Amino acid sequence: MSRRVPRRGGGEANVALIGYAFMGKAHSNAYRQVNPFFAPTLRPRMKVICGRTPSAVRAAAREYGWDEAATDWQEVVARKDIDIVDVSTPGDSHMEIAIAAARAGKAVFCEKPLANTVRDAERMLAAVEKAGVVHMICHNYRRAPAVMLARQLIAEGQLGTIRHYRGTYLQDWIVDPAFPRVWRLVKSSAGSGSLGDILSHTMDLSRYLVGEPVEVNGLLKTFITERPLPDDPAKKGAVDVDDAALSLVRYDNGAVGYLEGTRFATGRKNYNRFEINGAKGSIVWDLEQLNELQLYVEEGPNSGFRTISVTDAKHPYVGAWWPSGHIIGYEHSFTHTVYDFLRAIGEQKLPSPSFEDGYKNQRVLDAIERSAQDGKWVKIG
Ligand SMILES: NC(=O)c1ccc[n+]([C@@H]2O[C@H](COP(=O)([O-])OP(=O)(O)OC[C@H]3O[C@@H](n4cnc5c(N)ncnc54)[C@H](O)[C@@H]3O)[C@@H](O)[C@H]2O)c1
């Protein structure tokens, strides 16, 4: 299916970014870096950044390099001179912004998890499909060169039949009970806790590398049920999302998975790791050692894990950056994702992961939640 393509002169697409904090900064950096390093046919112009607090959004526009600052996303999304809308706000506003953008004919780039509920995710998918616009969800870890190499090795059959996916995403930023009840700890704004925030990435990686989940068993746990309110620390508010999310998974191809996402792994900062075991070999990747892939293949008596430095110009995206071996980092995964989004717009194709991936992932997360409530295995659709 061909998709609507921005038709601005000079191969430029005007971007509107909604949200200017953590992801706002990460995405701004990606739009800034993609032109000089990847020279995309369709170049993003950083037209307008939008948030709710005028002084803060003006400062962000200055610091990150946007032409304009705005405070009303509805106005921004309706502008005729905007081609791409980037949704980098908390989950409770993804649906409204993405649907409005699709209806206005914009290509839509949205942060994960796609929405706070399966129903909202389904509506978002329907809206972008109906409008015929290009859409992508920002599961940026798919774009780490070592993860892409892992996918290639699996596709080539080097690991043989895949049996196990073991994915952990461990952080510790809310171990302290005095840490405030920020939006990520409130269901109405975040949808869920570790489940949607970090286990969503781990699940997406398993869908990318292993197969489609068909049945799950979930366990959710909230360790600290009340926290100081950010604006009034003397008062406490309820935490109604999970602090830790665990799941057993059956995949469509017979593989089995164990996934764990927690913000209570004391000492772990952003330990996003997977280990995949096949009949002939295994691979291990860990975000904190982003440029390395550990590979084990059965090679006789001296076989053992070896570390591949995924920093050669022949590896995905690496040649666009620095000479071989000059390593890249976290932020580069966003530039790669944005580059593929721009390419897809230019070629009128759907990039991967699309909103359909976001929707499918959301269905699995929802099944984990239901399983955790009922204490039973839950089949996916
Ligand atoms: N891909 C990743 O690895 C990754 C990492 C972190 C966060 N995220 C996702 O990115 C999204 C944003 O998270 P974050 O960490 O940047 O949060 P954040 O709290 O740092 O920033 C949220 C931003 O959204 C703005 N905002 C909130 N409601 C708004 C509204 N109604 N209109 C305009 N602006 C609004 C806030 O002012 C702020 O600028 C979430 O969906 C989150 O899950 C993804």
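In this text, all values refer to a predicted model and were calculated from it rather than measured experimentally. Numbering of residues begins at 1 and proceeds along the displayed sequence. We use all heavy atoms of the structure for the numbers below, so side chains are in, but hydrogens, waters and symmetry mates are not. Counting convention: from 1, in listed order, for ligands and their atoms alike.
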Which protein N or O atoms sit under 3.5 Å from any N or O of ligand 1? Give atom names and distances.
residue: ligand 1; atom: 1 (N); partner: E111; partner atom: OE1; Å: 3.0
residue: ligand 1; atom: 1 (N); partner: E111; partner atom: OE2; Å: 3.4
residue: ligand 1; atom: 1 (N); partner: C138; partner atom: O; Å: 3.4
residue: ligand 1; atom: 1 (N); partner: N140; partner atom: OD1; Å: 2.9
residue: ligand 1; atom: 3 (O); partner: N140; partner atom: OD1; Å: 3.3
residue: ligand 1; atom: 3 (O); partner: H201; partner atom: NE2; Å: 3.0
residue: ligand 1; atom: 15 (O); partner: R184; partner atom: NH1; Å: 3.3
residue: ligand 1; atom: 15 (O); partner: R184; partner atom: NH2; Å: 2.7
residue: ligand 1; atom: 16 (O); partner: M23; partner atom: N; Å: 2.8
residue: ligand 1; atom: 19 (O); partner: W183; partner atom: NE1; Å: 2.7
residue: ligand 1; atom: 20 (O); partner: F22; partner atom: N; Å: 3.0
residue: ligand 1; atom: 37 (O); partner: R52; partner atom: NH2; Å: 3.4
residue: ligand 1; atom: 39 (O); partner: Y20; partner atom: N; Å: 2.9
residue: ligand 1; atom: 39 (O); partner: A21; partner atom: N; Å: 3.3
residue: ligand 1; atom: 41 (O); partner: T89; partner atom: O; Å: 3.3
residue: ligand 1; atom: 41 (O); partner: H94; partner atom: NE2; Å: 3.1
residue: ligand 1; atom: 41 (O); partner: K112; partner atom: O; Å: 3.0
residue: ligand 1; atom: 43 (O); partner: K112; partner atom: O; Å: 2.8
residue: ligand 1; atom: 43 (O); partner: K112; partner atom: NZ; Å: 3.1

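Side-chain atoms of N140 and R143 include no donor-acceptor pair closer than 3.5 Å.
With Y141 as the partner, the side chain to side chain contact (heavy atoms under 4.5 Å, CB included) test is satisfied by one option alone out of Y208, Y330, F274: Y330.
Taking all atoms of both residues into account, the shortest heavy-atom contact from G346 to L42 is N-CD2, 4.3 Å.
Both cation-pi conditions hold for R268 and Y271: the charged atom is under 6.0 angstrom from the six-membered ring centre and inside a 45 degree cone around its axis. For R32 and W66, the positive end is not near the middle of the six-membered ring at less than 6.0 Å and at most 45° from its axis.
Legend: residues meeting side chain to side chain donor-acceptor pair (under 3.5 Å) with R52, ordered by chain and number and at least two apart, are absent.
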